K.L.:
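Pasting in a structure now, in structure tokens, and then I'll have a few things to ask.
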Amino acid sequence: QVQLVESGGGLVQAGGSLRLSCAASGRTFSSYVMGWFRQAPGKEREFLTAIRWNDGTTHYADSVKGRFTISRDNAKNTVYLQMNSLKPEDTAVYYCAASRGFILTMSPRGYDYWGQGTQVTVSS
């Protein structure tokens with residue numbers, strides 16, 4: 001049973017930083033692609049970034065490139081999302097996802113497992 005558990009969300013002022021964690025369990029994830037998405041009220045789920053677990057290849061959405069960084073810790077089976085220079089428009093529920101595929105897909109349909117989400121609120 002694959003489990004993804006996000007943590008690290010909260011309330012932060014504009015310009016601040018947060019680091020989200022996604023602890024993965026129930027499978028060997030070395031061949032997986034891990035992604036981060038977010039969803040604001042009334043909006044579609046938005047791709048942010050993805051990382052291929054075995055070689056660390058990454059891909060970023062233009063909206064977060066240069067501000068957000070994805071990384072992984074193989075020993076802890078954990079993926080991180082470092083978010084800097086946060087803006088009020090970054091307010092959303094942030095989700096971690098795992099794909100059994102090889103492609104760093106941006107589509108939510110390309111991911112097989114999802115975490116429960118963690119709320120990030122950026123105040124102006």
Side-chain angles (χ1 to χ4, degrees):
Q1 185 87 3
V2 172
Q3 273 199 317
L4 304 175
V5 180
E6 301 99 334
S7 60
L11 174 64
V12 64
Q13 286 189 331
S17 298
L18 280 176
R19 189 177 80 157
L20 305 183
S21 300
C22 172
S25 62
R27 187 82 61 183
T28 301
F29 291 91
S30 58
S31 61
Y32 278 53
V33 166
M34 304 297 292
W36 284 99
F37 291 75
R38 68 186 178 191
Q39 190 165 18
K43 294 190 176 181
E44 292 187 351
R45 194 160 294 192
E46 176 190 10
F47 170 81
L48 301 176
T49 180
I51 187 167
R52 188 176 297 131
W53 204 295
N54 61 1
D55 64 7
T57 301
T58 60
H59 179 62
Y60 292 90
D62 288 342
S63 59
V64 301
K65 200 174 293 184
R67 297 192 300 127
F68 291 8
T69 304
I70 191 172
S71 62
R72 81 236 191 269
D73 184 327
N74 291 344
K76 295 182 178 179
N77 248 19
T78 299
V79 176
Y80 301 99
L81 181 65
Q82 177 67 43
M83 306 187 294
N84 299 327
S85 303
L86 284 163
K87 307 172 183 179
E89 51 264 45
D90 292 318
T91 295
V93 177
Y94 284 67
Y95 296 92
C96 171
S99 168
R100 292 172 292 186
F102 184 77
I103 303 299
L104 296 173
T105 180
M106 298 171 61
S107 170
R109 289 189 296 273
Y111 290 80
D112 304 288
Y113 306 101
W114 291 85
Q116 82 288 350
T118 186
Q119 176 71 45
V120 171
T121 303
V122 184
S123 63
S124 57

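For the single chain, residues carry numbers from 1 onward in sequence order. Since this is a predicted model, take the numbers as computed values, not measurements. No hydrogens, no waters, no symmetry mates; every other heavy atom, side chains included, goes into these values.
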K.L.:
Keeping the roles fixed (side chain from Glu6, backbone from Gly117), state whether a donor-acceptor pair exists under 3.5 Å.
P.N.:
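A pair under 3.5 Å: yes.
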K.L.:
Given the rule in the side chain to side chain contact (heavy atoms under 4.5 Å, CB included) test, do Val120 and Asp90 qualify, once you have shown the distances and angles that lead to the verdict?
P.N.:
CA-CA 8 Å; Val120 171; Asp90 292 318; 5.5 Å; no
K.L.:
Roughly how far, to the nearest 0.5 Å, is OG of Ser124 from CD of Glu89?
P.N.:
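The CD atom of Glu89 sits 10.0 Å away from the OG atom of Ser124.
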K.L.:
May I ask you to check whether Ser30 and Asn54 show a side-chain donor-acceptor distance below 3.5 Å?
P.N.:
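No, Asn54 and Ser30 have no side-chain donor paired with an acceptor closer than 3.5 Å.
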K.L.:
Say whether Leu48 and Val5 are linked into one hydrophobic cluster, either directly or through other cluster members, by side-chain heavy-atom distances under 4.5 angstrom.
P.N.:
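They do not share one cluster, since no chain of ILVMFWY contacts under 4.5 Å joins Leu48 to Val5.
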K.L.:
What I want to check is whether the side chains of Ser63 and Glu46 have a donor and an acceptor closer together than 3.5 Å.
P.N.:
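Looking only at side-chain atoms, Glu46 and Ser63 do form a donor-acceptor pair, the distance falling under 3.5 Å.
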K.L.:
Decide yes or no for Cys96 and Trp114: does some side-chain heavy atom of the first lie under 4.5 Å from some side-chain heavy atom of the second?
P.N.:
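Side chain of Cys96 against side chain of Trp114, heavy atoms only: no contact under 4.5 Å found.
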K.L.:
Can you tell me how far apart CD (Glu44) and CD (Gln39) are? Round to the nearest 0.5 Å.
P.N.:
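The distance works out to 8.5 Å.
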K.L.:
Between Trp36 and Met106, is there a shared hydrophobic cluster once you connect ILVMFWY residues whose side-chain heavy atoms come closer than 4.5 Å?
P.N.:
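Not linked; separate clusters.
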K.L.:
According to the interplanar angle, ranging from 0 to 90°, do the rings of His59 and Phe47 count as parallel (below 30°), tilted (30 to 60°) or perpendicular (above 60°)?
P.N.:
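Rings of His59 and Phe47: parallel, as their planes differ by under 30°.
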K.L.:
Can you find a pair of side-chain heavy atoms, one from Met83 and one from Val64, that are under 4.5 Å apart?
P.N.:
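Result no, sub-4.5 Å side-chain heavy-atom pair not found.
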K.L.:
For the CZ atom of Arg72 and the CZ atom of Arg52, what is their distance to the nearest 0.5 Å?
P.N.:
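Arg72 atom CZ to Arg52 atom CZ measures 11.0 Å (nearest 0.5 Å).
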K.L.:
Work out which heavy atom in Ala98 is nearest to a heavy atom in Phe29; give both atom names and the distance.
P.N.:
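Heavy atoms only, the tightest pair is CB-CE2, 4.4 Å.
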K.L.:
Distance check, rounded to the nearest 0.5 Å: Ile51 atom CD1 versus Tyr80 atom OH?
P.N.:
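Ile51 CD1 to Tyr80 OH: 12.0 Å, rounded to 0.5 Å.
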K.L.:
Thr91 vs Gln119, test: side chain to side chain contact (heavy atoms under 4.5 Å, CB included). Steps then yes/no.
P.N.:
CA-CA 8 Å; Thr91 295; Gln119 176 71 45; 4.0 Å; yes
K.L.:
Drop me the distance from Leu86's CG to Gln13's CD, to the nearest 0.5 angstrom.
P.N.:
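It comes to 11.5 Å.
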K.L.:
Search all heavy atoms of Val122 against all heavy atoms of Lys87 and return the closest pair with its distance.
P.N.:
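In this case the closest contact between Val122 and Lys87 is CB-O, 3.2 Å.
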K.L.:
Quick check: does any side chain N or O of Tyr60 sit under 3.5 Å from a backbone N or O of Arg67, one acting as donor and the other as acceptor?
P.N.:
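A pair under 3.5 Å: no.
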K.L.:
Determine the minimum heavy-atom distance between Leu4 and Ala24, stating which atoms define it.
P.N.:
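Here Leu4 and Ala24 meet closest at CD2-CB, 3.7 Å.
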K.L.:
Minimum heavy-atom separation for Gly35 to Tyr111, with atom names?
P.N.:
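Taking Gly35 first and Tyr111 second, the nearest heavy atoms are N-CE2, 3.7 Å.
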K.L.:
Applying a strict under-4.5 Å side-chain criterion to I, L, V, M, F, W and Y, I'd like to know whether Leu20 and Tyr95 cluster together.
P.N.:
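They do not share one cluster, since no chain of ILVMFWY contacts under 4.5 Å joins Leu20 to Tyr95.
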K.L.:
Taking all heavy atoms of Ser21 and all of Thr78, pick out the closest pair and write down the distance.
P.N.:
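Taking every non-hydrogen atom into account, CB-CG2, 4.2 Å.
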K.L.:
Of all the heavy-atom pairs spanning Ala14 and Pro88, show the shortest one and how long it is.
P.N.:
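The pair with the smallest heavy-atom distance is CB-CD, 4.1 Å.
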K.L.:
Between the main-chain N or O of Ser25 and the side-chain N or O of Asn77, is there a donor-acceptor pair closer than 3.5 Å?
P.N.:
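It does not hold such a pair.
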K.L.:
Quick one: pull up CZ in Phe68 and OH in Tyr94 and give me the separation to the nearest 0.5 Å.
P.N.:
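Taking CZ in Phe68 and OH in Tyr94, the distance rounds to 4.0 Å.
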K.L.:
Would you please test Ile70 and Val79 for side chain to side chain contact (heavy atoms under 4.5 Å, CB included) and show each step?
P.N.:
CA-CA 7 Å; Ile70 191 172; Val79 176; 3.8 Å; yes
K.L.:
Do Met34 and Val2 land in one hydrophobic cluster if side-chain heavy atoms of ILVMFWY residues count as linked below 4.5 Å?
P.N.:
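Shared cluster, yes.
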K.L.:
Relative to Tyr32, does Arg27 satisfy both conditions: NZ or CZ under 6.0 angstrom from the six-membered ring centre, and within 45 degrees of the ring's axis?
P.N.:
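Judged by the rule, Arg27 and Tyr32 form no cation-pi pair.
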K.L.:
Is there a donor-acceptor pair closer than 3.5 Å between any side-chain N or O of Arg19 and the backbone N or O of Gly8?
P.N.:
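Not at all, since once roles are kept as given, no pair shorter than 3.5 Å links the two residues.
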K.L.:
Does a sphere of radius 6.0 Å around CD in Gln3 hold more than 12 heavy atoms from other residues, nucleotides or ligands, not counting ones at 6.0 Å or beyond?
P.N.:
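No, not enclosed.
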